[in-house]
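All values below come from the heavy atoms of this structure, side chains included, with hydrogens, waters and symmetry mates left out. Here the structure is a predicted model, which is why all the values come from computation and not from measurement.
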Amino acid sequence: MTKKRNTIIALMLIPLLILTCAGATLPAVSCPTPAAPPPLTIQSRPFLMGFTRWPPEATAQGVARMNAFLADHGDLTAIHLDGGIPWNEALNGVPLPSAVMNEWKNTREAVPAAHQIYLALTPINTNRNGLAEYWKKTNNEPLPAPWNAYAFDNAQVKKAYLNYVRRAVNYFHPDYLAIGIEANIVQVNAPEKWAAYKRLHRYIYTELKKSHPDLPIFLTFSVNHMNGLDGGDTAAQKKEIKTLLPYSDIVGLSAYPYGWAYNSGSPAPIPQNFFDVALSFGKPIAIAESGVPSRAFTAYGKTYKFSEAYQAQWIKFLLKKAYDHNFVFVVNWTGIDFDKLLAILPPEMRELARFWAYTGLEKSNACAKRALPIWDDYLNLPYPEAKTLYGFFPSPPQVTIESVFQHYEDLGQLADFVLFQHNVPWLDFVNSVAGESRARTDIINQQTLATQNGLGSIYVVDALNGLNRREFKGLPVGWEASFANPQVRAAFKNYTLWVVRTFHPRYLGLASEINTYMDAYPNDAANFVSLYHEVYAQVKAEAPNTQVFVTFQWDDLNNMWPQPEEGHGPPLTVNWEQVEAYEPHLDLWVISSYPYFIFPSGADIPADYYSRLLDRTDKPVAVAEGGWTSRDVSTIHATPADQVAYLNAIHNQMGSRLAFWVYLLLNDIDMESYIEMMEQQGVSVDDITTLSLFASLGLREMDGTPKPALEVWMGFRR
């Protein structure tokens with residue numbers, strides 16, 4: 001049944017252009033109300049829920065019904081492009097065929113604004129036994145020469161497919177990306193091509209991660225084949241899938257529990273171990289496509305005895321497993337039955353289509369099925385908009401190559417991302433975004449190291465000295481130290497755009513602790529604010545999903561520093577006007593905080609010290625740097641217990657709204673090692689002294705020995 005199953009999926013890719021014909025108004029139908037399922041005893045769901053964009057009929061009305069259903073019954077849209085690749089156009093970098101772009105445009109414009117996007121692409125054909133067909137005027141055209149003779153790992157295939165995926169990502173800006181659909185079926189249907197396919201996948205994944213380190217990129221696998229159905233061998237499947245897991249951030253599953261029905265015609269009870277093989281891999285799971293028919297039908301001379309009760313049982317089972325095992329998302333293939341499409345299919349294809357025509361959760365007459373209230377009960381549970389990401393600066397304990405590599409390896413086990421806060425390479429970017437330089441290469445190498453260790457990244461563009469925010473860092477001789485300086489503004493803009501185009505960051509900061517500079521140089525503050533608004537608009541024009549911000553030094557913003565220029569009011573009053581000068585263009589409000597310079601102990605942090613930020617804005621908030629020393633430094637007395645109290649203060653007051661949280665150091669740093677490097681670079685004595693005040697902030701000792709705060713941090717992260 002595998003070939004039949006994939007052929008019908010290909011049929012579902014009829015160009016949406018046919019769906020513009022007029023349709024009659026749907027007649028009013030008296031629909032029975034499905035029985036309400038037992039109330040759920042859980043308080044939230046960890047997974048997104050959605051459908052592909054498959055309409056119930058080939059009319060404008062059908063498309064409108066689909067759009068309304070997806071908006072009402074999901075928070076994720078699956079864009080499933082399994083109809084071939086425009087191989088020649090992708091290879092040569094020329095405009096893609098109009099048929100491709102029209103479908104892309106119609107699809108993207110119809111996605112509800114509040115939905116996240118799952119984009120599924122594949123270089124595999126619909127029979128899952130060779131290279132994907134051609135997409136030019138229509139889907140799935142025969143492959144022309146020389147493509148019809150190319151192996152998966154042919155150099156031309158690798159280049160063309162990478163170009164195609166990059167174009168699709170830049171067009172759709174997906175939240176999740178599959179670059180191979182039901183890949184494990186190739187191992188069954190064309191074992192002689194499997195090794196070449198794996199080489200192609202590893203290449204595409206590795207190259208994409210260089211430019212999209214934070215985008216979840218993965219493969220989807222057929223559960224039936226994985227479980228020994230439809231010709232699969234479970235032992236061989238497990239062995240081969242494991243070889244691809246280092247190159248798949250998620251295990252995507254194509255889950256259609258049909259296999260046992262093909263011979264008997266009757267669906268057997270759903271086995272409780274249906275997902276056990278997939279769960280054994282130990283990676284996050286997403287249901288990339290799924291479905292069960294809700295009624296009996298006859299195809300190829302056999303009656304298949306599905307029912308609404310069986311479909312409801314499947315949806316209940318599927319969503320319970322998704323909750324129990326924290327699946328990433330769940331996609332039911334179609335929202336509404338498409339039995340009205342059967343009439344437009346060729347007779348030989350109509351038989352196949354019946355296997356999927358009744359998998360919707362609503363009938364074609366607009367009546368809800370028994371499974372829909374079960375689905376909606378989960379959908380109506382709160383879904384956390386974003387899980388807090390936990391990260392560190394990439395500062396190793398010692399300034400050695402060995403320490404750097406070991407540090408990234410440790411970060412890969414204890415963090416979700418690193419924060420790259422690079423100063424602007426002024427001369428490299430003053431004239432244009434393009435070019436080559438040592439600074440560019442160093443930044444790319446650091447990103448590569450993060451990616452190799454499974455770490456995401458957040459970027460902060462920093463014009464100022466991180467150890468003294470009252471001065472620019474590395475400004476060329478003769479340049480005026482002002483944000484009104486055209487050279488400063490040009491280099492800042494160009495560097496920011498290079499970061500956006502090279503790394504496609506999810507979060508991008510355009511200044512660090514900017515309020516300290518605004519305090520020291522109030523006459524230049526407006527110049528930076530105007531620069532921020534200009535660059536924000538340029539970033540959003542190229543990368544609308546990138547979340548842009550500046551960071552504010554929270555202790556300074558609260559007028560807690562003793563210097564006279566550090567505030568405008570008494571202690572514990574907040575200079576909100578400095579934050580709001582950047583609105584409406586702050587996508588989230590982000591702070592740094594080192595309160596050990598202010599309070600005698602961690603226990604002395606006021607109970608509302610951080611929560612006032614949440615009272616002021618409804619936007620997400622984040623901590624871009626901060627910490628508490630675990631031992632005495634200068635005149636400051638501190639203990640490991642103070643470090644724990646600091647972490648608890650932030651978590652208890654802000655944890656529910658944190659998009660990300662950066663703690664400055666994983667390990668304490670060896671000041672002797674850093675002093676030697678800094679003296680060679682001509683760093684001032686004042687800056688070296690300032691750095692020493694932060695040397696013991698690590699959650700571990702220099703040698704990696706955990707401090708009590710590490711367990712607390714990891715408890716939050718879990």
Side-chain angles (χ1 to χ4, degrees), residues 12 19 23-42 45 47-78 110 112 114-115 255-258 267 270 287 289-297 304-323 329-342 353-383:
M12 293 178 176
L19 303 176
T25 302
L26 195 68
V29 176
S30 177
C31 296
T33 302
L40 294 171
T41 59
I42 57 179
R45 59 181 162 94
F47 51 90
L48 294 159
M49 302 172 68
F51 304 86
T52 67
R53 289 186 48 75
W54 187 247
E57 56 183 298
T59 66
Q61 177 194 21
V63 174
R65 283 188 64 198
M66 170 188 67
N67 289 339
F69 187 92
L70 267 59
D72 291 342
H73 298 285
D75 49 17
L76 173 137
T77 293
H115 276 209
Y256 296 94
Y258 286 20
I270 299 166
I287 304 299
E289 52 180 293
S290 175
V292 164
S294 62
R295 53 163 285 181
F297 60 90
Y304 293 88
K305 301 174 183 178
F306 290 98
S307 66
E308 278 197 45
Y310 188 79
Q311 185 191 53
Q313 180 188 355
W314 167 251
I315 291 296
K316 182 178 179 180
F317 170 82
L318 176 64
L319 298 181
K320 179 65 164 57
K321 288 292 184 181
Y323 174 80
F329 58 78
V330 175
V331 172
N332 198 73
W333 178 263
T334 186
I336 306 171
D337 286 352
F338 56 91
D339 48 301
K340 291 187 177 183
L341 283 175
L342 296 179
R354 291 194 178 99
F355 283 91
W356 281 268
Y358 305 104
T359 57
L361 304 187
E362 181 178 279
K363 297 177 183 178
S364 57
N365 66 357
C367 291
K369 302 181 186 179
R370 293 172 59 176
L372 186 58
I374 299 171
W375 177 274
D376 283 348
D377 274 2
Y378 275 90
L379 181 71
N380 291 332
L381 291 171
Y383 171 77

Looking only at heavy atoms, what is the nearest atom pair of [X] and [Y], with distance?
{"X": "P293", "Y": "T359", "answer": "N-CG2, 3.8 Å"}
{"X": "T77", "Y": "P112", "answer": "OG1-CD, 3.7 Å"}
{"X": "H115", "Y": "A71", "answer": "NE2-CA, 4.0 Å"}
{"X": "K363", "Y": "R65", "answer": "O-NH2, 3.5 Å"}
{"X": "I315", "Y": "W375", "answer": "CG2-N, 4.2 Å"}
{"X": "P56", "Y": "L341", "answer": "O-CG, 3.9 Å"}

### Query
Parallel, tilted or perpendicular: which describes the rings of Y378 and F47, with under 30° parallel and over 60° perpendicular?
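The rings of Y378 and F47 sit tilted, inter-plane angle from 30° to 60°.
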### Task
Step by step, work out the side chain to side chain contact (heavy atoms under 4.5 Å, CB included) result for F69 and T334.
CA-CA 10 Å; F69 187 92; T334 186; over 6 Å; no
### Message
Tell me if the centroids of the rings in F355 and Y256 come within less than 6.0 Å of each other.
### Response
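Here the rings of Y256 and F355 have centres that are no less than 6.0 Å from each other.
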If we only count heavy atoms from C-beta on, is the [X] to [Y] side-chain gap below 4.5 Å?
{"X": "I270", "Y": "W314", "answer": "yes"}
{"X": "P37", "Y": "D377", "answer": "yes"}
{"X": "N332", "Y": "Q311", "answer": "no"}
{"X": "M49", "Y": "L319", "answer": "yes"}
{"X": "R354", "Y": "D339", "answer": "no"}
{"X": "R370", "Y": "K316", "answer": "no"}
{"X": "I336", "Y": "E57", "answer": "no"}

### Query
Side chains of S364 and K340: is there a donor and an acceptor less than 3.5 Å apart?
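Checked: S364/K340 side chains show no N/O donor-acceptor pair below 3.5 Å.
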Please round to the nearest 0.5 Å and tell me the distance separating atom [atom1] of [X] and atom [atom2] of [Y].
{"X": "L318", "Y": "I374", "atom1": "CG", "atom2": "CD1", "answer": "11.0 Å"}
{"X": "L379", "Y": "H73", "atom1": "CG", "atom2": "NE2", "answer": "8.5 Å"}
{"X": "F306", "Y": "S294", "atom1": "CZ", "atom2": "OG", "answer": "10.5 Å"}
{"X": "S307", "Y": "K369", "atom1": "OG", "atom2": "NZ", "answer": "11.0 Å"}
{"X": "N380", "Y": "R45", "atom1": "CG", "atom2": "CZ", "answer": "8.5 Å"}

### Query
Which is it for Y323 and L381 under the side chain to side chain contact (heavy atoms under 4.5 Å, CB included) test, yes or no, and what are the steps along the way?
CA-CA 11 Å; Y323 174 80; L381 291 171; over 6 Å; no
### Task
Mark yes or no: R295 above the aromatic ring of Y358, with NZ or CZ under 6.0 Å from the six-membered ring centre and no more than 45 degrees from the axis.
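Judged by the rule, R295 and Y358 form a cation-pi pair.
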